[in-house]
There are 2 protein chains.
Amino acid sequence: MEFAKTHSAGFLANHMARLFAAGLQQRFKELDLAPAQFMVLLELWEEDGLTQAVLTDRLDVEQATMANTLSRMQRDGLIDRIANPKDKRTRGIKLTPKAREVRQKALAAAATQNAEALKGLNEQEAETLIALMQKVILTLKRR
Amino acid sequence: MEFAKTHSAGFLANHMARLFAAGLQQRFKELDLAPAQFMVLLELWEEDGLTQAVLTDRLDVEQATMANTLSRMQRDGLIDRIANPKDKRTRGIKLTPKAREVRQKALAAAATQNAEALKGLNEQEAETLIALMQKVILTLKRR
DNA sequence: TGATATTGTATAGCCTGCTATGCAATCGCA
DNA sequence: TGCGATTGCATAGCAGGCTATACAATATCA
């Protein structure tokens, strides 16, 4: 059985994701922000006060992963967990001023990282890559 | 600043890689093999007795990451670390019979996982995706 | 209404990444 | 030849994935 890692979609996906994460982490360093935290902020900037369950669903990670990420964000002063009198099981995840303040810089850093990664591709190729990744994700999720 | 995660190469790369890893993990479960261990085996099946430094270089992970992965593999009886009289700093990483025995099944599992992930794409699209990922990886590594 | 099922979180424990350190062995050169 | 630089690994500590558990609050329905 021949198996060339340089031609394996799974190997390449893993490698590419690690390189993306490393670049993003560098760019976020001055903002005191970690990549996974940015993803959560992306949702909360759009709609503040979401529950952990909603965030878990929207970012497609496991509930335990989200719980831990939120704990680190709370520790770092990015969010507060606000009790919900209507349902004592849940707590609304609320942005702190600090989290609102980093928005522009964080978005710019992420956009720059994407641009940097794709700078070897033309417009057409970049769109194709994104479309194909979306397709693979859908395929893998549907099972 | 608009930033759609569904159109961000970085977000998609991360998501796709997680789904790949999850699928591979499932398929490897009966083999008592973890995804990162498989990558190491891939190198050692080709050339047994490599040093940790060479493996680190070939798989493009940090030295500490490789050291830990190798420790788990040794614990799990997949490799032995053999002292090298020529250079007492290094130890050759040697496959155990157990590691050689899982080769065919592991390769088949990985190939199946790749095929499953790409089954929504035609031959042409799959090749394009792989080529574009290779290009992005090269771009990100060169800086 | 009360028992059962479901839902929302938290926690423990593991894998795989990373950075930062520290140390021993080897190399290279003045 | 000897000493400073380099190389090869190990370890500590953290982020962010995951599975498995546990538990309280809420919902459902006989």
_Students often get this wrong, so: under 4.0 angstrom with heavy atoms, is Arg72(B) touching a base, only sugar-phosphate, or nothing?_
base

*Quick check: does any side chain N or O of Thr69(A) sit under 3.5 Å from a backbone N or O of Thr65(A), one acting as donor and the other as acceptor?*
yes

*asked:* If the test is side chain to side chain contact (heavy atoms under 4.5 Å, CB included), which one of Leu55(B), Val54(B), Val61(B), Thr56(B) qualifies with Arg58(B)?
replied: Val54(B)

_Distance alone, cut at 3.5 Å: any donor-acceptor contact between the side chains of Arg81(B) and Ser71(B)?_
yes

*With heavy atoms under 4.0 Å as the rule, sort Thr51(A) into base, sugar-phosphate or nothing.*
sugar-phosphate

*Side chains of Glu46(A) and Lys5(B): does their closest heavy-atom pair fall under 4.5 Å?*
no

*Selection from dA20(C), dG16(D), dG8(C) that lies nearest to any side-chain heavy atom of Thr90(A)*: dG8(C)

_Is it the case that the side chains of Arg18(A) and Asn14(A) hold a donor-acceptor pair, with the cut-off being a distance below 3.5 Å and no angle test?_
yes

Return the polar atom pairs (N/O with N/O) between nucleotides 2-5 of chain D and the protein under 3.5 Å, or none.
none

*asked:* Under 4.0 Å, counting only non-hydrogen atoms across every strand here, what does Thr65(B) touch: a base, just sugar-phosphate, or nothing?
replied: base

*Side chains of Leu129(A) and Leu118(A): closer than 4.5 Å at any heavy-atom pair?*
yes

*Looking only at atom types and distance, does a side-chain atom of Trp45(A) sit under 3.5 Å from a main-chain N or O of Ala99(A), one as donor and one as acceptor?*
yes

*Let me know the distance between CG of Asp60(A) and P of dG16(D), rounded to the nearest Å.*
17 Å

*Would you mind reading off the distance between Arg91(B) atom CZ and dA25(C) atom P, rounded to a whole angstrom?*
13 Å

*Separation of Leu140(A) atom CG from dC18(D) atom C1', in whole Å?*
17 Å

*Any side-chain heavy-atom pair from Leu19(B) and Lys141(A) closer than 4.5 angstrom?*
yes

*Between Phe38(B) and Phe3(A), is the ring centre distance below 6.0 Å?*
yes

_Nucleotide nearest Asn68(A) (side chain, heavy atoms from C-beta), chosen from dT16(C), dT11(C), dG16(D)_ = dT11(C)

*Does any non-hydrogen side-chain atom of Leu33(A) lie less than 4.5 Å from one of Leu78(A)?*
yes

*Please report, rounded to the nearest Å, how far the P atom of dG16(D) is from the CZ atom of Phe28(A).*
11 Å

*Report yes or no: do Gln134(B) and His15(A) form a side-chain donor-acceptor pair below 3.5 Å?*
no

*When the distance from CD of Gln52(A) to C1' of dG16(D) is rounded to whole Å, what number comes out?*
14 Å

*Whole-Å distance between dC14(C) C1' and Asp76(B) CG?*
11 Å

*Where the side chain of Val61(B) is defined as all heavy atoms beyond and including C-beta, which of dA15(D), dC18(C), dA10(D) is the nearest nucleotide?*
dC18(C)

_Upstream residue (5' side of DNA chain C) when Lys29(A) and Arg81(A) are each assigned their closest nucleotide_ = Arg81(A)

*Would you check if Ile79(B) and Leu44(B) make a side-chain contact, meaning some heavy-atom pair closer than 4.5 Å?*
yes

_Protein-nucleotide distance (Glu62(B), atom CD; dC14(D), atom P), rounded to Å_ = 19 Å

Extract from the structure each pairing of a protein N or O with an N or O of nucleotides 22-26 of chain D at less than 3.5 Å, listing the distance.
{"from": "dA25(D)", "atom 1": "N3", "to": "Arg89(A)", "atom 2": "NH1", "distance (Å)": "3.4"}
{"from": "dT26(D)", "atom 1": "OP1", "to": "Lys88(A)", "atom 2": "N", "distance (Å)": "2.9"}

_Near-strand residues of residues 4-26 of chain A, defined as heavy-atom separation under 4.0 angstrom from DNA chain D_ = none

